[in-house]
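Notes for the one structure printed next.
Throughout, protein chains are lettered first and strands after them, A, B, ... in sequence-line order, and every chain is numbered starting at 1. Scope of the values below: all heavy atoms of this structure, side chains included, with no hydrogens, waters or symmetry mates.
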Number of protein chains: 2
Amino acid sequence: MTKIKNMEEFAALSGISRPTVSKYFHDPDSVRPTTRARIEEALERFDYRPNIYAVNQNRKLTKNIGIVVPYLADPFFAEIARYLEQSCIAAGYRPSLFSSHGEQKLENDILDGLQSLKPAGVLLAPLGRTSDQSVIERFCANVPTVLFDSNLEGLGAAFIGSDNFSFVSQTVEYMIRTGEPPSFFEMRTPANPNANKRRKAYIEVMERLGFEPHIIRVDGKGWAFEEIGHKGALKVLAENGLRTNSVLCSNDRLAIGFLAACYEQGIRVGRRDDCALRLASNDDHPFAKFTCPSLTTAAHDYDNVAGRSVETLFELIESGGKFETRSETLFPARLVLRDSA
Amino acid sequence: MTKIKNMEEFAALSGISRPTVSKYFHDPDSVRPTTRARIEEALERFDYRPNIYAVNQNRKLTKNIGIVVPYLADPFFAEIARYLEQSCIAAGYRPSLFSSHGEQKLENDILDGLQSLKPAGVLLAPLGRTSDQSVIERFCANVPTVLFDSNLEGLGAAFIGSDNFSFVSQTVEYMIRTGEPPSFFEMRTPANPNANKRRKAYIEVMERLGFEPHIIRVDGKGWAFEEIGHKGALKVLAENGLRTNSVLCSNDRLAIGFLAACYEQGIRVGRRDDCALRLASNDDHPFAKFTCPSLTTAAHDYDNVAGRSVETLFELIESGGKFETRSETLFPARLVLRDSA
DNA sequence: ATGAAAACTTTACGCGCGTTAAGTTTTAAG
DNA sequence: CTTAAAACTTAACGCGCGTAAAGTTTTCAT
């Protein structure tokens with residue numbers, strides 16, 4: 001089989017002119033069915049594909065889509081990224097996946113490098129508190145961007161995420177309905193703005209139900225939440241820092257660390273009579289099903305958050321990269337009852 | 001500040017001719033220090049960067065490097081990918097990360113798409129047993145490829161991975177030294193060739209030490225190892241399928257499922273007297289520290305596997321994409337004693 | 001059959017940069 | 001100061017494709 005060098009050559013072999021072949025690759029439906037058939041027939045015989053560099057250099061808009069998550073070693077983001085990737089591919093785009101690995105410099109570098117990719121759009125889950133707002137603002141001004149998971153006020157053309165109030169109200173109400181009101185366990189300086197919303201929601205729900213909020217803040221920086229939760233829980237348990245037998249963790253990864261600490265200390269966690277503690281959490285982390293005990297938690301609406309994010313980005317791209325007004329879409333949580341509370 | 005359109009314009013503004021500027025971007029050390037200074041001075045004033053599409057179209061070899069892992073939702077691969085990414089960037093390359101998500105079709109599609117990126121090289125951790133060997137073979141013939149983690153006999157210019165015998169011999173010997181000989185717990189049809197090597201190593205070590213190997217194979221397909229381990233363990237425990245009080249899991253993710261099953265069944269795992277079972281495993285998964293109990297396991301030499309992989313790829317690229325002979329490099333495991341055995 | 005619209009072909013230019021060739025300036029050694 | 005090598009400048013071509021203009025063929029409703 002002859003090696004095809006360029007579109008010129010392929011066009012000749014298929015018996016169609018190059019401009020028409022070019023049109024075909026841009027949109028197969030834009031050419032007559034008979035010529036389309038001839039091109040696709042040749043395509044099967046010769047296996048040619050346009051040089052993406054030449055294509056991208058000349059097209060005003062590439063078919064690239066950037067996907068940026070803050071921490072890919074968290075399976076939660078890996079799963080979301082997977083969904084986003086697949087949706088982009090299905091829509092005929094070329095996704096590129098990036099992880100900021102929890103570091104501001106990396107996030108900045110990624111956005112910087114992304115600009116020279118001239119992407120049609122970007123799906124960005126920012127680091128949050130540790131993001132460099134000015135960098136992200138500048139980026140969003142140049143590239144059609146949809147924020148997801150972590151909201152930065154006013155940045156990006158739209159935000160899609162989860163309704164943190166829905167998470168916390170469901171877990172808190174459940175715990176109160178079935179036992180003592182929970183303390184709230186979180187990091188002192190959370191990386192993610194969702195954490196702040198969850199704390200506020202906790203306070204609001206507790207007060208509305210006539211209970212005094214009790215917040216436990218543990219030290220620790222970065223994205224090693226399990227480690228932070230573990231250390232923090234050991235300290236709290238040693239100091240007898242709990243007011244009731246119920247704890248609500250800000251997120252599942254902290255809870256995983258908390259559960260490990262309880263296990264080490266011989267504290268049985270669960271809703272059965274022989275348990276000393278009930279622990280619930282938020283996120284429905286992929287591993288929450290396999291903690292000991294399995295974790296009662298509020299689940300993200302993965303499918304809707306991811307699905308709506310790509311849909312919104314596609315709308316944004318089709319609208320020429322700008323929306324009239326910035327929208328924020330929040331999906332409610334689904335309470336997942338397991339054994340820990 | 002004026003917007004720079006292309007290298008021509010930037011060259012004019014910096015007072016240097018375009019071919020020299022082009023040379024500079026290819027290798028800053030290839031121009032005279034004085035001209036280099038003038039270019040970099042202009043670079044600070046004007047913030048210009050070459051159009052990567054035009055660059056890549058014209059250079060014979062791009063600076064792109066593909067990184068392909070089989071399953072990114074496994075934090076093990078996320079961590080490795082992170083290391084590989086950073087090493088590539090540090091060496092002046094542009095890494096692109098892809099996950100096959102456990103599916104052959106996706107792996108094929110990724111390799112297919114990777115070809116049109118004309119990468120300088122690719123770091124590939126294949127799916128293993130479920131890989132389409134012919135596709136990978138064809139790919140490796142066209143693109144300088146270093147395999148890592150999962151070896152496919154004869155494919156790629158080199159393989160870097162862990163010495164599975166070292167893993168299993170250390171865990172088995174430790175368990176025998178400190179208690180009863182372990183059964184080996186694994187999937188019936190493992191996705192990964194490492195699993196087969198581990199089984200063989202188990203049999204060999206057991207026989208050498210004068211014990212009869214006992215292998216427990218559980219059903220389940222795909223990459224949801226925790227779930228498979230969990231279901232399989234429940235079955236084994238229900239059927240009293242263990243010969244001794246010791247179990248060695250083929251990998252940590254299976255062990256995580258196993259531990260969850262034990263917890264549910266009220267079986268205490270650990271090396272203390274009040275424990276009914278000892279469980280060890282292999283990989284030192286990022287979460288192994290936070291299982292209940294924490295997992296005794298054999299750790300990959302992450303740094304060396306990842307480090308040597310990129311080094312080898314760089315050597316390969318500098319050698320023009322071919323090695324005289326295919327090399328296989330295996331790094332030994334490090335036994336990590338925790339509470340489960 | 002007729003005409004206009006739609007789709008095609010041919011021709012040609014442009015994108016931004018790599019790269020080469022020929023001529024000029026700078027550098028550093030003698 | 002001489003001189004040759006090294007580094008530069010100018011000029012020009014090519015990469016593979018998008019795209020526009022002008023002319024030709026096909027299609028399809030009347």
Flag for N51(A)-Q57(B): side-chain donor and acceptor within less than 3.5 Å: no

Polar contact flag, side-chain donor to acceptor under 3.5 angstrom, E107(A)-S131(A): yes

Y48(B) vs dC17(C): side-chain N/O to OP1/OP2 distance below 4.0 Å: yes

Pairwise distance OG(S162(B)) to CG(N151(B)) - rounded to 0.5 angstrom: 11.5 Å

Set of residues satisfying side chain to side chain donor-acceptor pair (under 3.5 Å) with respect to R59(A), sequence neighbours excluded: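 Partners of R59(A) by the side chain to side chain donor-acceptor pair (under 3.5 Å) criterion, ordered by chain and then number, come out as H26(A).
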
Set of side chain to side chain donor-acceptor pair (under 3.5 Å) partners for R308(B), sequence neighbours left out: E311(B)

Near-ring test H300(B)/F331(B), centroid separation under 6.0 angstrom: no

Proximity of F76(B) and Y71(B) rings by center, below 6.0 Å: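 Not under 6.0 Å, so no.
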
Option among L127(B), I110(B), L106(B) that satisfies the side-chain contact (heavy atoms from CB on, under 4.5 Å) test with H101(B): L106(B)

Worked check of salt bridge (Lys or Arg N to Asp or Glu O under 4.0 Å) between K322(A) and E315(A): CA-CA 9 Å; K322(A) 294 247 183 302; E315(A) 287 167 16; over 6 Å; no

5' priority, DNA chain C, between R38(A) and K60(B) [closest heavy atom]: R38(A)

Whether F10(A) and F25(A) hold their rings parallel, tilted or perpendicular, with breakpoints at 30° and 60°: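 Correct class here is tilted.
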
Chi angles and distances behind the side-chain hydrogen bond (donor to acceptor under 3.5 Å, both in side chains) call for S309(A), T312(A): CA-CA 5 Å; S309(A) 294; T312(A) 306; over 6 Å; no

Carboxylate-amine/guanidinium proximity below 4.0 Å for R38(A) and E40(A): no

Salt bridge flag under 4.0 Å for residues D112(B) and K105(B): no

Contact residues, residues 20-35 of chain A to DNA chain D [heavy atom, < 4.0 Å]: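 Output list: S22(A), R32(A).
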
Residue-level proximity of residues 8-16 of chain A to DNA chain C when a heavy atom falls under 4.0 Å: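 The answer is G15(A), I16(A).
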
Please list, pair by pair, any protein nitrogen or oxygen found under 3.5 Å from a nitrogen or oxygen in nucleotides 12-14 of chain C.
{"unit_1": "dA12(C)", "atom_1": "N6", "unit_2": "R18(A)", "atom_2": "NH2", "d": "3.2"}
{"unit_1": "dG14(C)", "atom_1": "N2", "unit_2": "N58(A)", "atom_2": "OD1", "d": "3.2"}

Nucleotides bounding contact with chain B, strand DNA chain D, heavy-atom threshold 4.0 Å: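 Nucleotide range in contact with chain B: dA7(D) to dG16(D).
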
